[in-house]
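Everything numeric here is computed off the predicted structure, so don't read it as measured data. Numbers for residues simply follow the sequence, beginning at 1.
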Amino acid sequence: MTTKASLFVISGPSGSGKSSLIADVLKDLDNFEKSISATTRSIRRGEKDGVQYHFISKEDFEKQVGECSFLEWAEYSGYYYGTPKKFVDDKLAAGVNVILEIEVQGAMQVMESRTCAYYIFIVATTTGELRERLLKRGTDSPAEIEKRMVIAEEELKYKKHYDCIIVNNNYNEALQNLKDVLLGTVGGNKH
Ligand code: 5GP
């Protein structure tokens, strides 16, 4: 019997640790891939075009929106972010499980069209901890961090729509939980 590939949507406030958790869990899992989004935000130190994101212009992004190339897209902190539909569908058709790391507005759009997907929300224990992680990460200006903290408050209101919540106060435990959820759900054991 062949197992059907699954789509996983992972959200969580900036600083919740979701990018690190996803990057680390992928090292341990075969047959899972993370979709690479397109964004109009500037490339950060240490990032590479085509690796973390496809960094594109606003015009290009809007053109792709017009061509319905995105499975979902949203504006976050003044920039556009979108998931390339073809990449996701080609991978799923080839039997590869796909992970989307996207913010909540995008996740709500995916919920409308992909009811079989599995939705995971990652949280840090406190907002103080969130701010501290963003400061430590050192990739955003103080003004950008404050903007992200305001968005985080809004994002937390959406966690009730997700199938599962992973609390990241102990990194290794959160990593193991994420791995268990991904492996336990693959193939459509959603409910
Ligand atoms: P960052 O600028 O920190 O890389 O990402 C900002 C937010 O955008 C994060 O919550 C991230 O998960 C989200 N994001 C990244 N790619 C996408 C996407 O394709 N669509 C949506 N809706 N959000 C995305």
Side-chain angles (χ1 to χ4, degrees), residues 1-39 47-48 50-54 70-74 76 81-126 129-130 133 137 152 155-191:
M1 195 183 83
T2 50
T3 313
K4 217 171 125 254
S6 298
L7 178 64
F8 294 92
V9 177
I10 305 184
S11 304
S14 194
S16 60
K18 63 188 187 302
S19 302
S20 306
L21 286 168
I22 294 169
D24 282 339
V25 86
L26 283 173
K27 292 179 194 158
D28 277 354
L29 297 175
D30 290 329
N31 210 32
F32 278 79
E33 264 192 56
K34 189 184 151 202
S35 160
I36 301 171
S37 299
T39 184
E47 289 182 329
K48 253 181 133 176
V51 178
Q52 287 79 12
Y53 287 104
H54 301 289
F70 294 121
L71 172 59
E72 62 69 39
W73 67 273
Y76 176 100
Y81 295 79
T83 302
K85 197 194 301 178
K86 186 170 182 324
F87 174 91
V88 173
D89 287 338
D90 286 354
K91 289 290 173 191
L92 290 173
V96 178
N97 302 300
V98 178
I99 296 178
L100 308 185
E101 182 195 333
I102 62 177
E103 53 68 72
V104 295
Q105 305 167 69
M108 296 303 114
Q109 292 170 45
V110 181
M111 268 178 209
E112 284 176 16
S113 60
R114 308 285 167 118
T115 47
C116 287
Y118 194 83
Y119 297 84
I120 301 167
F121 197 88
I122 297 182
V123 287
T125 27
T126 63
E129 200 179 311
L130 265 191
R133 283 193 196 164
R137 191 166 81 180
E155 286 191 305
L156 287 169
K157 294 181 188 157
Y158 286 82
K159 66 179 194 287
K160 61 177 182 279
H161 299 292
Y162 287 70
D163 294 311
C164 123
I165 296 171
I166 293 180
V167 180
N168 179 18
N169 57 359
N170 175 312
Y171 188 80
N172 288 331
E173 270 176 27
L175 185 61
Q176 189 59 48
N177 285 341
L178 179 59
K179 189 172 168 186
D180 292 346
V181 168
L182 293 173
L183 289 176
T185 314
V186 83
N189 313 322
K190 180 163 172 166
H191 294 296

A.B. asks: Atom CD1 of Ile10 and atom OH of Tyr118: how far apart are they, to the nearest 0.5 Å?
C.D. replies: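 Rounded to the nearest 0.5 Å, the CD1-OH separation comes out at 10.5 Å.
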A.B. asks: Looking at CG of Leu71 and CG of Leu7, how far apart are the two atoms once the value is rounded to the nearest 0.5 Å?
C.D. replies: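 Reported value, rounded in 0.5 Å steps: 7.0 Å.
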A.B. asks: Distance check, rounded to the nearest 0.5 Å: Gln52 atom CD versus Ile36 atom CD1?
C.D. replies: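 Nearest 0.5 Å value for the CD-CD1 distance: 8.5 Å.
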A.B. asks: When you measure from the side chain of Tyr171 to the backbone N and O of Ser20, does any donor-acceptor pair fall under 3.5 Å?
C.D. replies: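 Yes; judged by distance alone, with no hydrogens or angles, the pair exists.
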A.B. asks: Would you say Tyr162 and Ser11 are linked by a side-chain donor-acceptor pair, where the criterion is simply a distance under 3.5 Å?
C.D. replies: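 Yes, side-chain donor-acceptor contact under 3.5 Å.
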A.B. asks: Only counting residues at least two apart or in another chain, list the ones meeting side chain to side chain contact (heavy atoms under 4.5 Å, CB included) with Asn170.
C.D. replies: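 Asn172, Glu173.
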A.B. asks: Dump the intermediate steps for ring-ring contact (aromatic ring centres under 6.0 Å, His included) on Tyr53 and Tyr81, then the final yes or no.
C.D. replies: CA-CA 9 Å; Tyr53 287 104; Tyr81 295 79; 5.8 Å; yes
A.B. asks: If I compare all heavy atoms of Phe70 with all of Gly82, which pair ends up nearest, and what's the gap?
C.D. replies: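 In terms of heavy atoms, the two residues are closest at CD2-C, 3.7 Å.
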A.B. asks: Can you pull the ring-ring contact (aromatic ring centres under 6.0 Å, His included) pairs that have at least one residue in residues 4-23, sequence neighbours excluded?
C.D. replies: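 For residues 4-23, and leaving out neighbouring residues, the ring-ring contact (aromatic ring centres under 6.0 Å, His included) pairs sorted by first residue read Phe8-Phe32.
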A.B. asks: Tell me, do Thr185 and Asp163 make a side-chain contact under 4.5 Å, heavy atoms counted?
C.D. replies: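 A side-chain contact under 4.5 Å is absent here.
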A.B. asks: Sequence neighbours left out, what passes salt bridge (charged side-chain N to carboxylate O under 4.0 Å, His left out) with Lys86? Give chain and number order.
C.D. replies: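 Residues passing salt bridge (charged side-chain N to carboxylate O under 4.0 Å, His left out) with Lys86: Asp90.
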A.B. asks: In Å, rounded to the nearest 0.5 Å, how long is the span from CD of Gln109 to CD1 of Ile102?
C.D. replies: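 CD1 of Ile102 is found 7.5 Å from CD of Gln109.
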A.B. asks: Of the non-hydrogen atoms in Val98 and Val88, which two are nearest, and what is the gap between them?
C.D. replies: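 Shortest heavy-atom contact: CG2-O, 4.1 Å.
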A.B. asks: Check the pair Arg114, Leu92 against side-chain contact (heavy atoms from CB on, under 4.5 Å), reporting the backbone distance first and the verdict last.
C.D. replies: CA-CA 12 Å; Arg114 308 285 167 118; Leu92 290 173; 4.1 Å; yes
A.B. asks: Can you name the closest pair of heavy atoms from Pro84 and Ser37 and give their distance?
C.D. replies: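 Closest approach of Pro84 to Ser37: CD-CA, 4.1 Å.
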A.B. asks: Restricting to pairs with a member in residues 10-27, which pass salt bridge (charged side-chain N to carboxylate O under 4.0 Å, His left out), not counting sequence neighbours?
C.D. replies: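 Only Asp24-Lys27 qualify under salt bridge (charged side-chain N to carboxylate O under 4.0 Å, His left out).
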A.B. asks: Show the nearest heavy-atom pair for residues Gly95 and Asn31, with the distance to one decimal.
C.D. replies: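 Answer, listing the atom of Gly95 first, then Asn31: O-ND2, 2.9 Å.
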A.B. asks: Between Pro13 and Leu156, which heavy-atom pair has the shortest distance, and what is it?
C.D. replies: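 Scanning both residues completely, I find the closest heavy atoms to be CG-CD2, 4.0 Å.
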A.B. asks: Salt bridge (charged side-chain N to carboxylate O under 4.0 Å, His left out): which pairs involve residues 100-113, sequence neighbours left out?
C.D. replies: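 Matches after skipping sequence neighbours: Lys34-Glu101.
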A.B. asks: Taking C-beta and beyond as the side chain, do Leu182 and Ile120 meet within less than 4.5 Å on heavy atoms?
C.D. replies: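 Leu182 reaches Ile120 side chain to side chain.
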A.B. asks: Report the C-alpha separation of Val104 and Phe121 in whole Å, then their side-chain angles, then the decisive distance to 0.1 Å, and conclude whether the side-chain contact (heavy atoms from CB on, under 4.5 Å) test is met.
C.D. replies: CA-CA 9 Å; Val104 295; Phe121 197 88; 3.9 Å; yes
A.B. asks: Which pair of non-hydrogen atoms, one from Ser14 and one from Arg137, has the smallest distance, and what is that distance?
C.D. replies: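 Nearest heavy atoms, Ser14 then Arg137: OG-NH2, 3.6 Å.
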A.B. asks: Start with the C-alpha gap between Met108 and Tyr119, add the side-chain angles, then the distance that decides, and say whether side-chain contact (heavy atoms from CB on, under 4.5 Å) holds.
C.D. replies: CA-CA 10 Å; Met108 296 303 114; Tyr119 297 84; over 6 Å; no
A.B. asks: Can you tell me how far CG of Leu29 sits from CD1 of Ile22, rounded to the nearest 0.5 angstrom?
C.D. replies: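 Nearest 0.5 Å value for the CD1-CG distance: 11.5 Å.
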A.B. asks: Carefully, step by step, assess Ile122 and Ser16 under the rule side-chain contact (heavy atoms from CB on, under 4.5 Å).
C.D. replies: CA-CA 6 Å; Ile122 297 182; Ser16 60; 4.1 Å; yes
A.B. asks: My understanding is that only residues two or more places apart in sequence, or in another chain, count here; which of them pass salt bridge (charged side-chain N to carboxylate O under 4.0 Å, His left out) with Lys91?
C.D. replies: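 Result, salt bridge (charged side-chain N to carboxylate O under 4.0 Å, His left out) vs Lys91: Glu33.
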A.B. asks: Rounded to the nearest 0.5 Å, how far apart are OG1 of Thr83 and CG of Leu100?
C.D. replies: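 It comes to 5.0 Å.
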